[in-house]
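Working notes, structure below.
Remember, predicted model here, so these are calculated numbers, not experimental data.
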Amino acid sequence: MYILSVIVENKPGVLFRITNLFRSRNFNIESITVGITEKPDLSRMTITTVSDVKTLEQLVKQLQKLIDVIQINVLNKENAVYRELALIKMSAKDPTTRIEIANFATIYRGNIMDISNETITVEIIGTPDKIDAFKNLVSGYGILQVARTGVSALPRGTIDDDL
Amino acid sequence: MSEMSGAAALMTALEKEKVEYIFGLPGGANLPIYDALVDSKIRHILVRHEQSAAHMADGYARIKRKAGVCFATSGPGATNLVTGIATAYADSSPIIAVTGQVALPMIGKDAFQETDIIGVTNPCTKYAFQPRHASEIPEMVKKSFYIAESGRPGPVLLDIPKDVQQQVTKMEFPDYIKVRGYNPVVDADLSEINKACEMLLKAEKPIIMAGGGVILSGAFPELQALAELLSIPVVTTFKGKGAFPENHQLALGPIGMHGHAEANKMVLEADCIVAIGARFSDRTVGRFDEFGKDINVIHFDVDPAEIGKNKSVNAAVIGDVKSSLRSLIKLIPKNFRTNEEISKLWLARKRELVNYYEDSIKDYSREITAKKALKKLRELLPAEGIVTTEVGQCQMWASLHFDVISPGTFFSSTGLGTMGFGFPASIGAKAARNDVPVVDIAGDGSFSMTENSLAVSVLEDLPVIVFLLNNQMLGMVAQWQRTFYNRRYSGVHQKNCPDYCKLAESYGAQAFRVSSMDELDKAIKNSIKSDVATVIDIPIDPDEDVYPFVAPGTGLKDMIIGA
Ligand SMILES: Cc1ncc(C[n+]2csc(CCOP(=O)(O)OP(=O)(O)O)c2C)c(N)n1
């Protein structure tokens with residue numbers, strides 16, 4: 001998995017241009033997140049994609065061509081801090097189940113966001129692997145709904161943004 | 001600083017950009033712009049279909065190497081431009097398309113004649129602007145020209161809501177602009193040029209493959225100097241046709257699906273290919289995996305994304321090819337002589353191949369054939385005469401049999417292959433250079449698509465010559481059906497063709513139908529002298545095929561020489 005950290009103009013239509021580029025050039029997006037940066041006129045997009053080195057190189061060059069793209073950093077598991085947030089709702093009709101799930105959530109440093117007579121919803125923050133692991137762990141209880149944000153990432157240490 | 005409407009600010013900004021012509025057609029959503037046009041010095045050319053407006057702007061741009069401008073209203077006017085915009089995008093031609101849009105409060109309401117033209121054209125524009133206030137217009141115009149013309153050129157869309165056209169604003173035209181995420185001017189890396197130079201000097205059988213980038217950057221003298229300095233034969237991609245004089249002793253002409261046999265063959269025998277402003281298109285190189293497999297490939301291009309896209313290369317020189325070639329030439333030692341022996345053998349091989357194929361390719365026998373007609377046109381048209389083409393057999397015959405002598409005088413829709421491009425493009429080219437004759441080499445099918453531009457050529461006094469190779473067929477499709485579908489013809493007969501001479505005359509143009517080479521000779525001479533638009537209707541045999549031919553999915557080595 002590669003993580004592209006892309007600084008773009010914070011303007012309408014930019015997300016469309018980028019996702020459309022992926023579609024029209026036949027590149028795959030695993031996840032994409034967008035949010036404002038420390039500068040109000042710029043947004044940071046974090047795009048994760050599974051591809052070989054050659055495709056990645058083309059992808060970066062094609063992205064670079066887009067006029068709204070200011071800067072691209074290619075990150076990976078070693079040189080980035082990266083996190084995803086997931087909300088996982090499970091079926092939990094009896095109290096012991098709810099306690100078990102709550103215990104697992106604690107081990108994964110998750111938070112219980114909502115409990116009803118029938119369900120329990122846990123918030124997990126971490127790498128996509130960790131979220132997958134938690135999901136596997138609790139899958140036996142019956143997962144009802146999942147919402148994941150996709151990855152947000154920053155390079156470790158100092159990488160100069162020349163913006 | 002004067003106050004004016006957004007529409008007037010647009011026109012003023014276009015004047016500051018030294019726009020000479022606008023090709024367009026009005027409607028409800030660009031009425032304020034057309035009103036402002038009344039007070040402008042820029043000449044408006046009223047088209048009969050917006051597709052042609054975009055092609056005219058494109059033809060103008062290809063000759064001037066400066067953006068051409070077209071106008072359309074919103075909705076159907078804007079969508080009619082799309083084919084022309086996509087054509088310009090595929091061939092890296094700078095055009096600025098200014099479309100009207102419904103007023104801001106109506107956007108997103110499915111208003112009358114509302115189309116999200118920015119969304120529609122996203123994959124085929126270099127950029128698109130939509131001002132939200134009239135005050136943004138002058139800077140957006142300046143940015144549009146900068147983006148369209150610099151780096152790898154391409155089309156830019158400026159979509160202006162009607163109320164923004166009407167708003168009053170101060171006219172402030174910036175002298176200087178910067179587009180933050182856009183840095184098109186890269187100076188080539190000297191170490192890569194060094195590496196390229198070393199490879200080239202070591203090569204025993206080098207070949208240059210010149211593409212459209214040479215024409216776009218006007219690198220004609222540099223290309224010729226390099227070829228002559230090291231005695232390197234030059235082949236061209238189809239878009240690069242005319243990057244190098246085709247009567248030069250080092251010229252081999254176009255390669256690819258319908259390239260010269262000797263050019264295709266020679267590329268396969270080379271030990272080093274220097275691709276200059278070429279993108280290794282499938283039509284040029286056949287199968288990617290076979291092309292230039294075990295030899296050194298050096299790639300010069302202005303667009304970094306072209307490096308390694310279709311073909312991995314051994315040296316990549318990224319930057320404007322004109323200045324990169326200059327730097328390369330400087331590195332070649334003054335006293336450098338290619339190993340005379342080897343070089344002589346290589347050039348002898350070139351001559352041998354040229355002669356071999358000249359003898360082995362049989363001529364189709366008939367009083368007038370496409371090949372003979374095109375050779376005649378070449379003989380009579382001055383070297384600086386400009387030629388555009390339509391799409392199909394007519395285009396490939398032009399590629400094979402019409403030699404371009406003066407660099408940068410041949411244009412075709414090579415990337416998108418747009419039927420109907422050539423004729424309006426020739427009118428745009430005439431607007432850019434009215435001192436030379438301009439000819440569109442056409443097929444009847446293509447001409448039918450934009451023949452209404454005859455009105456423009458006649459009434460706007462932009463006379464061009466339509467050289468109509470009339471086989472009453474969608475000939476190229478018929479050829480494929482003959483070759484690959486066992487002669488099961490489907491949808492290729494142009495039944496009930498109009499009488500193209502009468503059609504031309506009804507528009508006020510001059511027309512000739514020729515039935516012998518003598519008549520053709522006279523008709524060509526007459527049209528070159530004439531100052532009205534002319535159609536020369538040249539009946540040819542519907543069975544005449546284009547050869548050589550590299551079938552799709554095969555490599556250059558599988559070239560078919562003839563039936
Ligand atoms: C707009 C468009 N539609 C369809 C095609 C597919 N096509 C390619 S060549 C061709 C036939 C062209 O016929 P004509 O213009 O008469 O030229 P000829 O091949 O007969 O010389 C067609 C239909 C195309 N290139 N462009």
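No more than 12 heavy atoms of other residues, nucleotides or ligands sit less than 6.0 Å from atom NZ of A:K93. For B:D110, the CG atom sits in a loose shell: 12 or fewer heavy atoms of surrounding residues, nucleotides or ligands are nearer than 6.0 Å. The number of heavy-atom neighbours closer than 6.0 Å to CG of A:N103, taken from other residues, nucleotides and ligands shown, is above 12. The environment of B:D187 atom CG is sparse: at most 12 non-hydrogen atoms of other residues, nucleotides or ligands sit within 6.0 angstrom. Residue B:R283 places its CZ atom among 12 or fewer non-hydrogen atoms of other residues, nucleotides or ligands, all under 6.0 Å distant.
Heavy-atom pairs under 4.5 Å with chain A were tallied for B:G151, B:P184, B:S312, B:P304; the largest tally goes to B:P304. The most heavy-atom pairs under 4.5 Å with chain B, out of A:D68, A:N20, A:I67, come from A:I67. Ranking A:L66, A:D41, A:V8 against chain B, the residue ahead of the rest is A:D41, based on heavy-atom pairs under 4.5 Å.
Not one N or O on the side chain of A:K61 forms a donor-acceptor pair closer than 3.5 Å with the backbone of B:D303. Within the 3.5 Å criterion, the main-chain N or O of B:G308 finds no donor-acceptor partner in the side chain of A:Q58.
From B:K309, atom NZ reaches atom CZ of A:R25 across 5.5 Å, with rounding to the nearest 0.5 Å. Taken to the nearest 0.5 Å, the CD atom of A:E9 stands 4.5 Å off from the CZ atom of B:R180.
Looking at B:K126 and A:K65, their side chains never come closer than 4.5 Å, going by heavy atoms from C-beta outward. When side chains are defined from C-beta on, B:Y182 does not count as touching A:Q64, because their heavy atoms never get closer than 4.5 Å.
With a 4.5 Å cut-off on non-hydrogen atoms, B:I307 touches chain A through its backbone and its side chain both.
Taking both residues in full, the closest heavy atoms of B:A305 and A:Q62 are given as CB-NE2, 3.7 Å, listed atom of the first, atom of the second, then distance.
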